[in-house]
Number of protein chains: 2
Amino acid sequence: MARSMHVRRPATLASLAAELGVSRTTVSNAYNRPDQLSPELRRRVLETARRLGYPGPDPVARSLRTRKAGAVGLLLTENLSYAFRDPAAIGFLEGLALACEDAGQGLLLVPANPEREDVAAVHRAGVDGFVVYSVPDDDPHLAAVLERPVPTVVCDQPDIDNVDRVGIDDQAAMHSLAQHLITLGHRRVGVVCMRLARDRNDGFVTPDRQASAHFHVQRARLAGLAQAFGSVGVDWGSIPVVERFDHTTASGASAAAQVLDRDPQITALVCTSDILALGALGEAQRRGLRVPQDLTVTGFDGIREAEQSGLTTVRQPVLEKGRAAGKLLLDSAERSRPRSVTLATELIHGTTAAPPRGTAEERWFGP
Amino acid sequence: MARSMHVRRPATLASLAAELGVSRTTVSNAYNRPDQLSPELRRRVLETARRLGYPGPDPVARSLRTRKAGAVGLLLTENLSYAFRDPAAIGFLEGLALACEDAGQGLLLVPANPEREDVAAVHRAGVDGFVVYSVPDDDPHLAAVLERPVPTVVCDQPDIDNVDRVGIDDQAAMHSLAQHLITLGHRRVGVVCMRLARDRNDGFVTPDRQASAHFHVQRARLAGLAQAFGSVGVDWGSIPVVERFDHTTASGASAAAQVLDRDPQITALVCTSDILALGALGEAQRRGLRVPQDLTVTGFDGIREAEQSGLTTVRQPVLEKGRAAGKLLLDSAERSRPRSVTLATELIHGTTAAPPRGTAEERWFGP
DNA sequence: ATGAAAGCGCTAACAA
DNA sequence: TTGTTAGCGCTTTCAT
C-alpha cells in the first residue's frame with residue numbers, strides 16, 4: 001500500500017480553487033454540499049484535489065468556522081490510564097462511547113493528572129461539551145470545565161448550578177445494604193473506603209473527615225452507613241473507618257488488615273467498592289477467617305468479578321450511567337435545564353454476608 | 001457551587017482587549033506568556049476577563065493558529081464501545097493512554113463504525129496524529145487516515161509505505177505454539193479464528209480465504225499454523241478452520257462446536273485468541289470432553305482471564321504495544337522514518353495442552 | 001450553479 | 001513592555 005508524500009500541508013482549499021480557476025465556495029461545496037454543484041465540476045475538483053495531494057478541508061479550520069468540534073470531552077479524576085484499570089470506570093466509558101458513537105461524535109479523553117494542577121489540558125480541549133466523571137468537588141479541573149462555555153454533564157457529583165447530572169442515590173443504596181446487615185444482627189462493624197479527598201490519607205478516618213469528604217460518592221455512602229447504624233444505637237464515632245488513596249485490591253487487603261487489627265471483634269466489614277471488598281476477602285482468607293461464617297464482607301458497584309466471587313454488594317448500572325451522561329450531553333434539546341437523572345440500584349444478596357457467629361439470627365438463617 | 005450564566009460565547013480576546021484599551025497581543029500574552037507582561041497588567045487583564053465572563057482563548061482558534069490540536073486520534077476496527085469489552089484492546093488503550101498522559105496529549109476515540117462506510121469522522125478529527133489499531137488492510141477509514149497530512153502509527157498491520165508500525169511477529173509466535181503441539185504429538189487439529197475480512201462469514205474457511213485475509217494478524221497466525229503443520233506432513237487443506245465475526249466467548253463456543261461436529265477425532269483445538277479459546281473450553285466441558293486429557297485447547301494473547309483458566313497460549317505485551325505506539329507517534333524526532341517496533345511474545349505453558357490420548361507421548365508426559 | 005465578501009478567534013513576527 | 005500587521009483555512013450569507 002502506497003502513501004503520498006507530504007511533510008507540510010501541501011495545498012489548501014484556496015490554492016485548489018486557484019488552480020482550478022473557481023471560487024473557494026465551489027471547492028467547499030464539492031466536499032460539503034455535493035448537490036450544490038454540477039457532478040462534472042465536482043468530479044474535476046475532487047480529481048484535482050487528489051492530484052495536488054489536497055487532503056480535504058482542514059478539520060480545525062472547519063471547527064472554528066462552524067463552531068462545532070464533533071467531539072465530547074471526558075474528564076476523569078484519575079490518571080487517564082486508570083480509566084482502563086477499574087471495571088466500573090470501563091463500564092462507564094463503554095456506555096459513554098456507545099452514546100457518542102450513536103451521535104457520530106468523538107470521545108476525547110482529557111489528560112487531567114490530579115497530581116499536577118495543570119488545567120491547561122481542559123483549556124486546550126476542542127470539544128462541544130464535557131462529561132465529568134467522579135472528581136472531587138474541589139478539583140481545579142472541574143472548575144476549569146465549568147468555566148468553558150459548553151454544556152457539561154457531571155456524574156456521581158452533587159448538584160451544580162445549571163449543570164446536568166447523572167448518578168445514583170449512593171446514600172440510600174448504602175443505607176439499604178446497612179439495613180440488611182443490621183437485620184442479620186451486625187452491630188460491631190468496620191469500614192474500608194476509597195479516597196475521600198485529594199490529599200493522600202491512608203489510615204483511619206475521623207468523623208469530621210467523613211462528613212466533609214470531597215468525593216460526593218464516598219461521602220454519601222458513608223453517610224448512609226452512619227445513618228443506618230446510628231438509628232439502631234451504634235455509636236458511629238467508635239466504628240473503625242479506614243481510607244485508601246489507591247483503588248486496588250491490594251489497598252483493600254491492607255485496609256481490611258488495618259481494621260481487623262484495630263478491632264478483631266467486628267462481625268462485618270463494609271467496603272465502599274467491590275475492588276476494595278475483593279481485597280478484603282483475600283485478607284480474610286489469609287487470616288483464616290471464613291466468610292461469611294466468621295466475617296461478613298460487602299462491596300459496592302456490582303462489577304463482574306464481584307459477582308463471580310458471590311460478593312454481597314450493591315449493583316449500579318455503570319454502563320447505563322455512561323450512556324445516560326452521553327445522551328444528556330448530546331441531546332441538545334435545551335429543555336428544562338438543568339436535568340438530573342438518578343438511576344436505580346439493586347441490592348445483591350451474595351454469599352459473603354450472614355448473621356454474626358453465635359447469634360439467635362444465625363440459628364434462624366442457618367450456620 | 002455556582003456557575004456563571006452564558007449561553008453564547010460572551011466575549012472574545014478582541015473584545016476583552018478593546019474593553020481594556022490594550023492590544024490583542026497583550027491579552028494573548030496574559031494567558032500564554034505571563035513573563036511578557038507586567039504582573040500588574042496581567043492581573044488587570046485576568047480580572048476583567050472574569051468580570052466579562054471571558055473563558056480564556058478559544059481552543060479551536062488557537063489550534064488553527066498554532067497548528068497543534070494537543071490530541072492523538074485512535075482508530076479502531078470495531079464499534080467504539082467494543083474497545084472497552086475486549087481485554088486485549090483495553091490493555092492496548094491503557095498503554096496508549098499512558099503515553100498520551102506523559103506527553104500531556106488528549107486521546108480522541110474516533111467513531112469509525114465498520115458497518116457504515118462513513119469516513120467523515122476521520123476527516124473531522126482535530127488531532128496531531130493517528131494510531132490505527134488492528135483494522136483490515138482494505139478499511140476505508142484507514143485509507144482516510146493515511147490521506148491526512150499527519151503522522152500515523154499502525155498496530156498489528158503489515159508495513160505501509162512511510163508509516164510507523166508496532167506489532168509482534170504473529171506468524172512466528174503461532175508457529176512456535178504449533179511446534180509445541182506437534183511435539184506433543186498432535187496432527188489432527190481444528191482451528192477457530194476471528195474475523196478474516198469485513199464481510200461476515202461465520203463458518204468454515206477455505207484455504208484461499210485464509211491466505212487472503214484482510215486482517216493481518218489473523219492471516220499471519222493462520223500462516224504460522226499452516227507452515228508448522230505443513231512441514232510435518234499435515235495436509236492443511238483438510239484441517240477444519242472455522243471463522244467467527246463477533247469476538248466473544250459465545251462465538252468461541254459455537255465455533256468449537258462446529259469444528260468438533262465436523263471432525264470429532266481432532267485432538268487439539270487451536271484458537272487465534274484467548275476469548276475464543278475460553279469459549280471453546282466451555283464447549284468442551286459441555287460435551288463432557290476433559291481438557292487436556294480428551295482435547296487440547298490453546299489461545300492467543302495472554303489476557304488475565306486466560307491465565308486464570310490455565311490456558312496454554314501466547315502472551316503478547318498489549319500494554320507495551322499501546323505505549324510504544326503512543327511514544328512512536330509523539331516522539332516527533334523525525335528520525336529514520338518509517339520506524340518499526342516488533343515486541344517479543346512468550347509461549348505460556350498452561351494446563352490445557354497435553355499429548356493426545358493413547359500416544360507414546362502420553363506415556364512419556366503422563367496421562 | 002457559481003462567486004465575492006466577510007469573518008470565525010486567535011497567535012506570532014516584527015516594530016515601536 | 002506593548003502594539004501593528006498578517007494571516008491560520010475554512011464556511012456562509014448574499015449576490016449574480
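Predicted model only: the values in this text are computed from it and were never measured.
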> Mind calculating the distance between NZ (B/Lys68) and P (C/dG9) to the nearest angstrom?
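Distance check: B/Lys68 NZ to C/dG9 P gives 23 Å.
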> Return whichever of A/Leu41 or A/Arg24 has its heavy-atom-nearest nucleotide of DNA chain C closer to the 5' end.
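Result of the comparison: A/Leu41.
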> If you round to the nearest 0.5 Å, how far is NZ of A/Lys321 from OG of A/Ser134?
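Answer for the OG-NZ pair, A/Ser134 versus A/Lys321, is 7.5 Å.
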> Within the pair A/Arg67 and C/dC8, is there a side-chain N or O less than 4.0 Å away from OP1 or OP2?
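Checking A/Arg67 against C/dC8: no side-chain N or O falls below 4.0 Å of OP1 or OP2.
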> A/Leu16 has an atom CG; how far is it from atom C1' of D/dC10, in whole Å?
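Checked: the CG to C1' distance equals 13 Å.
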> Take a 6.0 Å sphere around CZ of B/Arg42 and say whether it holds more than 12 heavy atoms from other residues, nucleotides or ligands.
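More than 12 within 6.0 Å, yes.
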> With a non-hydrogen cut-off below 4.0 angstrom, is A/Arg33 in contact with a base, only sugar-phosphate, or nothing?
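Result for A/Arg33 = sugar-phosphate.
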> OP1 or OP2 of D/dT11 versus the side-chain N and O atoms of A/Ser28: is any pair under 4.0 Å?
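So the side-chain polar atoms of A/Ser28 do come within 4.0 Å of the phosphate oxygens OP1 or OP2 of D/dT11, strictly under.
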> Kindly say whether B/Val135 contributes a backbone atom to a donor-acceptor pair with the side chain of B/Gln157 at under 3.5 angstrom?
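Here the side-chain-to-backbone pair exists.
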> Would you mind classifying the nucleic acid contact of A/Thr25 as base, sugar-phosphate or nothing, using non-hydrogen atoms under 4.0 angstrom?
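Contact class for A/Thr25: base.
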> Hey, which sits more toward the 5' end of DNA chain D by its nearest nucleotide, B/Ser23 or B/Ala61?
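Nearer the 5' end of the strand: B/Ser23.
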> Would you mind telling me which residue lines up with the more 5' stretch of DNA chain D, B/Leu37 or B/Leu64, judged by nearest nucleotide?
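Whichever sits nearer the 5' end wins; that is B/Leu37.
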> Taking A/Phe130's backbone N and O only, do any of them form a donor-acceptor pair with A/Arg148's side chain (distance below 3.5 Å, no angle check)?
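No, A/Arg148 side chain to A/Phe130 backbone: no donor-acceptor pair under 3.5 Å.
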> So if I take the C1' atoms of five pairs at each end of the helix from C/dA1-D/dT16 to C/dA16-D/dT1 and get each local axis, what angle do the two axes make, rounded to 10 degrees?
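Terminal axis comparison yields 30°.
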> Describe the nucleic acid contact of B/Val22 in one word from base, sugar-phosphate, nothing, applying a heavy-atom distance below 4.0 Å.
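Touches sugar-phosphate only.
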> Counting heavy atoms from C-beta on, name the nucleotide in C/dT11, D/dG9, D/dT4 closest to the side chain of B/Thr66.
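Nucleotide nearest to B/Thr66's side chain: C/dT11.
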> Given side chains that start at C-beta, do those of B/Val72 and B/Val127 come closer than 4.5 Å, heavy atoms only?
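Not touching, per the 4.5 Å side-chain cut-off.
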> What nucleotide among C/dT11, D/dT11, C/dC10 has an atom nearest to a side-chain atom of A/Pro57?
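Nearest nucleotide to the side chain: D/dT11.
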> Would you say A/Tyr54 places a side-chain N or O within less than 4.0 Å of OP1 or OP2 belonging to D/dC10?
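It does, given that an N or O in the side chain of A/Tyr54 lies less than 4.0 Å from OP1 or OP2 of D/dC10.
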> Return the value, rounded to whole Å, for the distance between atom CG of A/Asp58 and atom C1' of D/dC8.
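Nearest whole value for this atom pair: 9 Å.
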> Quickly work out the B/Arg65 CZ to D/dG9 C1' distance and round it to whole Å.
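From B/Arg65 CZ to D/dG9 C1': 12 Å.
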> What I want to find out is whether B/Lys327 reaches B/Asp164 closely enough, with some N-O distance under 4.0 Å, to be called a salt bridge.
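No, B/Lys327 and B/Asp164 are not salt-bridged.
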> Students often mix this up, so state it plainly: with edges at 30° and 60°, are the rings of A/Tyr31 and A/Tyr54 parallel, tilted or perpendicular?
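Perpendicular.
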> In whole Å, I'd like the distance from the CG atom of A/Asn32 to the P atom of D/dG9.
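Rounding to the nearest Å, CG of A/Asn32 and P of D/dG9 are 17 Å apart.
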> Is there any side chain to side chain donor-acceptor pair (under 3.5 Å) pair reaching into residues 92-104 of chain B, and which pairs are they, with sequence neighbours excluded?
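Pairs touching residues 92-104 of chain B that pass the test: A/Arg85-B/Glu94.
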> Would you say a side-chain N or O of B/Ser38 is under 4.0 Å from OP1 or OP2 of D/dT2?
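For D/dT2, OP1 or OP2 has a side-chain N or O of B/Ser38 closer than 4.0 Å.
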> Expressed as a whole number of angstroms, how long is the span from A/Leu13:CG to D/dT11:P?
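That distance rounds to 6 Å.
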> Classify the nucleic acid contact of B/Asn29 as base, sugar-phosphate or nothing, counting any heavy atom under 4.0 Å across all strands shown.
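The answer is nothing, as B/Asn29 stays clear of every strand by at least 4.0 Å.
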